[in-house]
Visitor: 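Have a look at this one before I ask anything.
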Amino acid sequence: MNLIPLPAFSDNYIWLLHDGHNAIVVDPGDAQPVLNALQQHGLQLDAILVTHHHADHVGGVNTLREATGARVWGPARERIPEPLHRLEQGDKVVELGFEFNVMDVPGHTSGHIAYFCQSMEGSPLLFCGDTLFSGGCGRLFEGTPSQMLTSLDSLAALPGNTRVCCTHEYTLSNLKFARAVEPGNVELTLYSAWCEKQRANGQPTLPSSITKELLINPFLRTRQSTVVAQAVARQANGQDEVAVFAAIRQWKNEF
Ligand code: ZN
Ligand code: FE
């Protein structure tokens with residue numbers, strides 16, 4: 001299986017997964033990069049997987065459906081271009097011969113879902129939309145800090161070698177913030193240097209992995225004493241894990 005992040009707009013990735021003949025894409029905000037890739041590799045688009053309703057994730061859905069006849073899968077509780085196969089926690093999607101498990105991950109939007117494929121050759125795959133980014137997490141447009149923390153906890157519990165396919169190349173700016181939160185985190189310093197080199201060479205920093213994110217992402221590290229101390233310095237109750245998470249998220253909003 002081939003996994004390719006197709007750049008779209010200024011910093012989106014549309015993930016393309018294909019076996020040389022058939023393909024799926026995740027969150028096609030724009031149809032053209034997908035149509036180009038299908039033509040270039042000679043692929044038939046079987047399905048479109050959508051994580052949430054924002055335009056930069058669904059803008060290309062209708063054009064791609066009309067051009068290819070692809071099935072469209074998406075969250076049960078959001079407005080996505082119809083016709084749509086509606087999904088929620090525990091549902092399974094089988095595409096390209098692989099089973100994807102649907103996880104509810106509210107926070108960025110209230111109906112946001114993620115797709116996890118344990119059985120993918122190589123290592124497991126996670127399509128997490130705008131919930132988890134490398135070094136960061138999505139803004140809380142519709143959900144609460146408590147919901148987002150629960151969602152991130154469910155992603156953090158996935159196997160460490162899971163490839164984390166985020167929908168934005170936000171890594172460098174996220175890591176700048178992460179270094180402000182944890183200036184003494186050596187893993188973070190090393191990872192930042194690697195990501196800077198990737199970007200300087202025009203390469204994506206993604207996919208990341210759950211193991212990597214647990215080491216460097218402040219939003220998966222809100223129970224670490226270093227991160228709690230930063231939240232307490234911003235008037236959060238250090239005993240309350242949701243308050244700690246909310247304080248770090250608020251700091252990032254203003255950073
Ligand atoms: Zn979004
Ligand atoms: Fe987005």
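Start at 1 and go down the list; that is how both ligands and their atoms are numbered.
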Visitor: Looking at the Zn ion (ligand 1), is there an N, O or S atom belonging to D56 that lies under 2.8 Å away from it?
Guide: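 No, since none of the N, O or S atoms of D56 sits under 2.8 Å from the Zn ion (ligand 1).
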
Visitor: About how large, to 10 degrees, is the angle NE2 of H168, then the Fe ion (ligand 2), then OD2 of D56?
Guide: 80°

Visitor: Can an N, O or S atom be found in H57 less than 2.8 Å away from the Fe ion (ligand 2)?
Guide: yes

Visitor: Of the non-hydrogen atoms in S208 and E213, which two are nearest, and what is the gap between them?
Guide: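 Scanning both residues, the minimum pair turns out to be OG-OE2, 2.5 Å.
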
Visitor: T109 and side chain to side chain donor-acceptor pair (under 3.5 Å): which single residue from H52, H53, E78 fits?
Guide: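 When side chain to side chain donor-acceptor pair (under 3.5 Å) is applied between T109 and each of H52, H53, E78, only E78 qualifies.
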
Visitor: So which atom in A37 and which in L43 form the shortest heavy-atom distance, rounded to 0.1 Å?
Guide: O-CD1, 4.4 Å

Visitor: What atom name does the N, O or S atom of D130 nearest to the Zn ion (ligand 1) carry?
Guide: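 So the atom name we want here is OD2.
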
Visitor: Look at the N, O or S atoms of H57, main chain and side chain alike, and state whether any lies under 2.8 Å from the Zn ion (ligand 1).
Guide: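 No - counting backbone and side chain alike, H57 has no N, O or S atom under 2.8 Å.
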
Visitor: For P33 and L6, which heavy atoms make the closest approach, and how far apart are they?
Guide: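 Closest approach of P33 to L6, heavy atoms only: O-CD1, 3.8 Å.
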
Visitor: Counting backbone and side-chain atoms alike, does H54 have an N/O/S atom under 2.8 Å from the Fe ion (ligand 2)?
Guide: no

Visitor: Counting only heavy atoms not in H41, do more than 12 sit closer than 6.0 Å to its NE2 atom?
Guide: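 Yes, because the 6.0 Å sphere around NE2 of H41 holds more than 12 heavy atoms from other groups.
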
Visitor: Applying the side chain to side chain donor-acceptor pair (under 3.5 Å) criterion to N12, which one of D56, T167, D130 satisfies it?
Guide: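 The side chain to side chain donor-acceptor pair (under 3.5 Å) with N12 is passed solely by D56 among D56, T167, D130.
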
Visitor: N/O/S atom of D130 under 2.8 Å from the Fe ion (ligand 2), yes or no?
Guide: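 Short answer: yes, at least one N, O or S atom is under the cut-off.
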
Visitor: What angle sits at the Zn ion (ligand 1) between ND1 of H54 and NE2 of H108, to 10°?
Guide: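 Computed angle, vertex at the Zn ion (ligand 1), rounded to 10 degrees: 90°.
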
